[in-house]
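Every heavy atom of this structure was used, including side-chain atoms; hydrogens, water molecules and symmetry mates were not. A note on names: the letters A, B, ... follow the listed sequences, proteins ahead of strands, and every chain is numbered from 1.
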2 protein chains.
Amino acid sequence: MNNSASTSNGSTLHEIVRAEISRRITTGMYKPGDAITSIARLAEEFGVSSITVKRALSDLQSTGLLTSIPGKGIYVKDRFRLVCELDVGMSALGNIRSLGFQPKVQRISVTKERIEDVTLSVFNPPDRLLLCVRKVIYADEVPIVYESSFVPTNMSDKIVDEFGKRFIIDALKRYKVAVKEMSFIIDAAPASQEAQRVFSVPNSYPTLRRLYNLKTSAPTMSIVGIIESPFDRLACSVRPGSGRISKMNKKK
Amino acid sequence: MNNSASTSNGSTLHEIVRAEISRRITTGMYKPGDAITSIARLAEEFGVSSITVKRALSDLQSTGLLTSIPGKGIYVKDRFRLVCELDVGMSALGNIRSLGFQPKVQRISVTKERIEDVTLSVFNPPDRLLLCVRKVIYADEVPIVYESSFVPTNMSDKIVDEFGKRFIIDALKRYKVAVKEMSFIIDAAPASQEAQRVFSVPNSYPTLRRLYNLKTSAPTMSIVGIIESPFDRLACSVRPGSGRISKMNKKK
DNA sequence: GAGTGGTCTAGACCACCCT
DNA sequence: GGGTGGTCTAGACCACTCC
């Protein structure tokens with residue numbers, strides 16, 4: 001390549017190309033929303049094969065810097081991320097709005113199915129047919145959340161209908177259902193197949209997940225679910241209660 | 001391919017191959033620790049080019065199912081994940097031990113540097129030279145945590161030395177430094193360059209991160225840092241204080 | 001030396017978008 | 001029709017491991 005050594009020492013060609021494109025993004029030469037130079041041009045410019053450029057750009061899509069639209073070009077992604085408190089993380093609609101974004105909820109499906117996702121088994125959910133509500137939440141038309149929630153089949157239709165319109169917690173609140181207990185597991189994971197479609201991200205795209213288990217009284221029931229978000233669109237803030245700090249390391 | 005339609009309908013060839021290999025792992029035909037059939041053999045078996053097989057296997061490495069050792073073969077990864085409470089998440093050594101794993105801490109480096117990572121800027125850290133302690137924590141010789149912590153340069157050498165041997169919180173505790181305040185941001189992110197080396201994972205591998213900000217009294221200081229873990233090795237459990245649930249949705 | 005995974009290339013084909 | 005990204009292929013080369 002004519003751009004000798006340029007940025008960062010990645011030994012391989014596609015690493016060098018990746019670093020250079022990455023540099024052009026961070027320095028603002030390629031701006032968010034813009035299409036970058038086409039693969040063919042880049043291959044010519046760098047003096048490498050087009051496949052090597054494709055490899056570099058593919059990696060940059062996996063790391064969230066670029067996104068491609070087949071037939072059009074490869075674009076620099078907008079860079080904004082919401083940070084929401086975990087406590088209200090499940091009722092982030094107000095949170096989204098207060099941050100200056102326009103929230104939107106779109107129900108994907110309401111089905112009856114068994115829980116197959118193994119990660120939810122940490123909550124020991126019932127192994128029977130449950131009502132599954134799936135929805136997507138947008139901020140300014142950008143999808144930031146994909147949620148699947150599992151509720152008992154005898155749940156009132158009215159409440160289930162609400163589930164598709166807002167976060168579970170909000171829906172329960174509207175119907176005065178008291179939440180008795182609530183636990184979370186937070187983890188990261190490659191985007192699920194559905195999430196890949198919804199978020200337009202490639203196979204191994206990192207996502208932040210919140211798995212939850214709610215227990216309500218009056219009526220008594222257990223609700224579990226998964227909230228999945230692209231890593232570059234949402235983060236959680238947590239401020240452990242100060243009382244807990246002193247309890248730390250009490251194990252065994 | 002002779003294995004007609006096999007599993008899951010991915011339209012493209014490498015998706016079909018990926019699904020089939022994935023199936024062989026989940027059904028136990030390829031077992032954790034085992035080497036899978038070589039690329040050349042798979043290409044022959046499926047009747048596709050070796051590059052297509054490589055693509056499929058590469059994707060499976062990105063999703064944590066496989067790991068490769070150049071010159072030897074491609075192996076099925078062991079599947080175990082620690083779930084630790086966020087409160088004690090930073091002093092997980094006892095946690096690791098109580099789960100039946102042998103913990104080990106390895107100090108990587110102690111340097112003086114400015115904070116460059118933009119994600120830490122949410123904590124408004126001081127923009128001056130800080131002491132940076134980097135370390136890796138293992139469970140049964142498997143690296144599960146890569147931590148970078150930034151402390152004031154006037155920190156006592158003895159304490160800094162402790163930082164390299166245990167979690168920050170534990171080190172402070174040992175020296176009776178009181179933690180006044182503590183806040184976390186939890187997010188996901190593609191593995192950083194150093195994490196890729198430490199964890200032997202590819203470029204876009206999903207990791208779970210805990211960014212923290214500690215404020216201590218006697219002496220008064222601010223400590224920030226990042227804890228990075230492979231998504232398939234660690235998750236966090238959080239149980240919001242029950243008092244907080246009632247406060248939910250109070251926004252605006 | 002045979003086998004392995006990883007990189008790189010040249011070139012073909014397709015589906016798509018925009019005139 | 002010309003440009004774009006995405007898939008697939010055949011084949012070459014390298015560094016590595018194991019015997």
Worksheet item: Which atom names give the shortest non-hydrogen contact between B:Cys236 and B:Val83, and what distance separates them?
Response: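 Minimum heavy-atom contact is C-CG1, 4.4 Å.
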
Response to the item:
When every non-hydrogen atom of A:Asp78 is compared with those of A:Pro32, the smallest separation belongs to OD1-CB, 3.5 Å

Fill in: Phosphate-side-chain proximity, B:Ser38 and C:dT4, N/O vs OP1/OP2 below 4.0 Å
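Yes, such a contact exists.
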
Fill in: Side-chain ion pair, A:Glu194 and A:Arg197, N-O less than 4.0 Å
no

Practice prompt. Keeping to residues at least two apart or across chains, list the salt bridge (Lys or Arg N to Asp or Glu O under 4.0 Å) pairs with something in residues 228-237 of chain A.
Written response: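 Listed once each, the pairs are A:Lys77-A:Asp232.
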
Discussion item. Please verify the inter-ring angle class for B:Phe231 with B:Tyr205; under 30° counts as parallel, over 60° as perpendicular, anything in between as tilted.
Written reply: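 Answer is tilted, since the angle falls between 30° and 60°.
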
Practice prompt. Mind checking B:Ile51 for me? I need base, sugar-phosphate or nothing, with any heavy atom below 4.0 Å counting as a touch.
Written response: base

Item to complete: List in numerical order all residues of residues 59-75 of chain A for which some heavy atom is under 4.0 Å away from an atom belonging to DNA chain D.
Response: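 Nucleic-acid contacts, sorted: A:Ser68, A:Gly71, A:Lys72, A:Gly73, A:Ile74.
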
Worksheet item: Quick one: on DNA chain C, does A:Ser50 or A:Arg55 contact a more 5' nucleotide (nearest heavy atom)?
Response: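 With A:Ser50 and A:Arg55 compared, the 5'-side residue is A:Arg55.
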
Discussion item. At a heavy-atom distance below 4.0 Å, which nucleotide of DNA chain D is the first touched by chain B, and which is the last?
Written reply: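 First-to-last contact on DNA chain D, by the 4.0 Å heavy-atom rule, is D:dT7 to D:dC18.
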
Worksheet item: Is there side-chain contact between B:Tyr30 and B:Thr37, with heavy atoms separated by less than 4.5 Å?
Response: yes

Worksheet item: Hey, are the side chains of A:Leu211 and A:Leu120 touching, using non-hydrogen atoms and a 4.5 Å cut-off?
Response: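 They are in side-chain contact.
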
Item to complete: Give, for atom CD1 of B:Ile227 and atom CD1 of B:Ile137, the distance between the pair rounded to the nearest 0.5 Å.
Response: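 Nearest 0.5 Å value for the CD1-CD1 distance: 7.5 Å.
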
